[in-house]
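Counting starts at 1 for both ligands and their atoms, following the listed order.
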Amino acid sequence: MIVISERINGLFTSVMRAIDSKDEKFIQDLAVSQVEAGAGILDINTGPGVDNAPEIMTWLVKTVQDAVDVQLSIDTPKMDAMEAGVKAANKKVLINSTTAEADKMGVLFPMAAEHGSDIICLTLDEKGIPNDANSRCELAMVMVAQAMELGIDTTRIYLDPLVLPVGAAQDQGPKVLEALSMFKAIADPAPKSVVGLSNVSNNTKERSLLNRAYLAMLMANGLDSAIMDPNDGELMAIVKASEVLLNKKLYADDFLRA
Ligand code: THG
């Protein structure tokens with residue numbers, strides 16, 4: 001499983017403060033600790049409500065890539081900030097994300113094709129987030145078809161079924177699992193899958209417990225990558241244990257220490 005670190009996000013108060021004061025060391029220490037904890041990709045998000053998002057994204061990307069040598073996921077709904085992030089990166093990025101909305105696909109798939117980027121496809125469109133697994137798959141198929149027309153390899157596509165907070169949309173938990181298990185059949189070779197794991201526990205008291213339990217279920221349904229906190233040691237242990245139980249990693253008595 002590919003662990004994508006969620007921590008370089010202006011949503012976190014400490015990160016927002018570091019962005020405001022252009023504190024390179026804080027961001028770089030955070031990046032290094034995430035990679036040391038096992039992150040294979042770092043998600044980079046300026047946070048909501050910044051008015052100079054392209055400038056901040058450029059600063060974040062440059063600051064992070066001066067400290068670590070991993071792929072970056074450029075996480076923003078703003079096209080200008082996305083373009084700034086893709087251009088500032090010195091290697092191929094993960095575009096996070098397009099939706100099935102025509103205006104987004106029309107800009108972001110050509111951007112991915114031009115720069116050789118990987119791209120996350122969120123299963124939502126002008127009508128919002130679908131209510132069941134089949135509608136999520138329909139939107140996934142629309143996006144995969146459009147990407148293929150531009151020559152984007154299906155293995156560069158990460159389908160995101162959109163995890164919702166259990167407190168607000170409890171019925172969606174199993175529907176996301178069902179959608180995940182259907183995604184593999186959409187193309188050959190199969191696209192990858194990704195979720196924003198911590199969404200599930202937003203505004204709950206038992207955040208890490210819910211994140212850990214759901215991650216094991218998601219992995220059992222074929223999840224390839226998750227935006228999550230690699231500094232949660234117990235959560236990382238769930239990743240390792242699940243990889244062994246799903247026969248993806250060889251069992252050994254000391255696998256958790258490895
Ligand atoms: N899919 C994709 N990208 C995504 C998401 C997704 N990016 C954003 C988000 N969802 C995943 N990242 C986070 C990052 C932080 C939190 C949740 C998801 C989070 N932060 C604390 C909070 O809001 O309570 C911050 C509080 C603090 O300051 O400590 O929960 O689904 N493709």
Side-chain angles (χ1 to χ4, degrees), residues 1-20 26-27 30-31 33-34 37 39-50 53 57 60 71-78 81-82 85 93-101 104-105 108 112 117-125 128-130 136 139-140 143 156-169 172-173 175-177 179-180 183 191-212 214-215 218 223-232 235:
M1 234 238 344
I2 307 166
V3 173
I4 306 177
S5 171
E6 71 182 11
R7 282 303 315 267
I8 309 210
N9 188 323
L11 210 64
F12 294 96
T13 322
S14 55
V15 175
M16 185 39 86
R17 250 188 259 121
I19 290 173
D20 281 343
F26 180 92
I27 300 291
L30 194 56
S33 90
Q34 304 292 287
I41 301 177
L42 298 184
D43 191 68
I44 310 285
N45 187 317
T46 62
V50 292
M57 187 59 89
L60 275 175
Q71 187 177 22
L72 304 183
S73 155
I74 312 297
D75 186 359
T76 175
K78 297 178 180 155
M82 182 63 75
V93 304
L94 174 58
I95 291 176
N96 186 8
S97 51
T98 188
T99 65
E101 293 162 288
K104 290 217 149 183
M105 290 194 292
L108 294 169
S117 321
D118 299 328
I119 184 163
I120 295 179
C121 297
L122 288 180
T123 56
L124 67 87
D125 67 2
I129 302 174
R136 281 177 165 91
L139 293 180
M143 291 185 279
R156 281 165 52 199
I157 299 172
Y158 289 68
L159 297 175
D160 185 336
L162 265 169
V163 166
L164 297 169
V166 65
Q172 293 300 308
K175 292 176 180 177
V176 162
L177 297 177
L180 263 185
F183 282 168
K192 296 190 175 74
S193 54
V194 64
V195 296
L197 180 65
S198 308
N199 301 358
V200 78
S201 62
N202 254 323
N203 294 316
T204 66
K205 279 199 182 141
E206 292 286 351
R207 291 208 70 168
S208 354
L209 175 63
L210 291 166
N211 293 345
R212 290 166 197 168
Y214 202 40
L215 183 61
L218 291 158
L223 186 69
D224 295 299
S225 63
I227 304 170
M228 53 177 259
D229 181 7
N231 283 138
D232 180 341
L235 188 60

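- Between Asp43, Asn9, Thr204, it is Asn9 that holds the heavy atom closest to atom 14 (C) of ligand 1.
- Atom 16 (C) of ligand 1 has its closest protein heavy atom at Leu11 CD2, 3.9 Å.
- Between Asp160, Ile227, Asn199, Thr98, it is Asn199 that holds the heavy atom closest to atom 9 (C) of ligand 1.
- At the top of the distance list for atom 5 (C) of ligand 1, counting protein heavy atoms only, stands Gly196 CA, 4.0 Å.
- Regarding atom 13 (C) of ligand 1, its nearest protein heavy-atom neighbour is Glu6 OE1, 3.8 Å.
- Every atom of ligand 1 with a heavy atom of Ile120 under 4.0 Å away is listed here by number and element: 32 (N).
- Closest to atom 7 (N) of ligand 1 among all protein heavy atoms lies Asp75 OD2, 2.8 Å.
- Counting only heavy atoms of the protein, atom 17 (C) of ligand 1 lies nearest to Ser198 CB, 3.6 Å.
- Ranking the protein heavy atoms by distance from atom 3 (N) of ligand 1 puts Asn96 ND2, 3.1 Å first.
- Not a single N or O atom of Ser97, backbone or side chain, sits closer than 3.5 Å to an N or O atom of ligand 1.
- Nearest protein heavy-atom contact of atom 22 (C) of ligand 1 is Arg207 NH1, 3.6 Å.
- Ranking protein heavy atoms by distance to atom 29 (O) of ligand 1, first place goes to Phe12 CD2, 3.3 Å.
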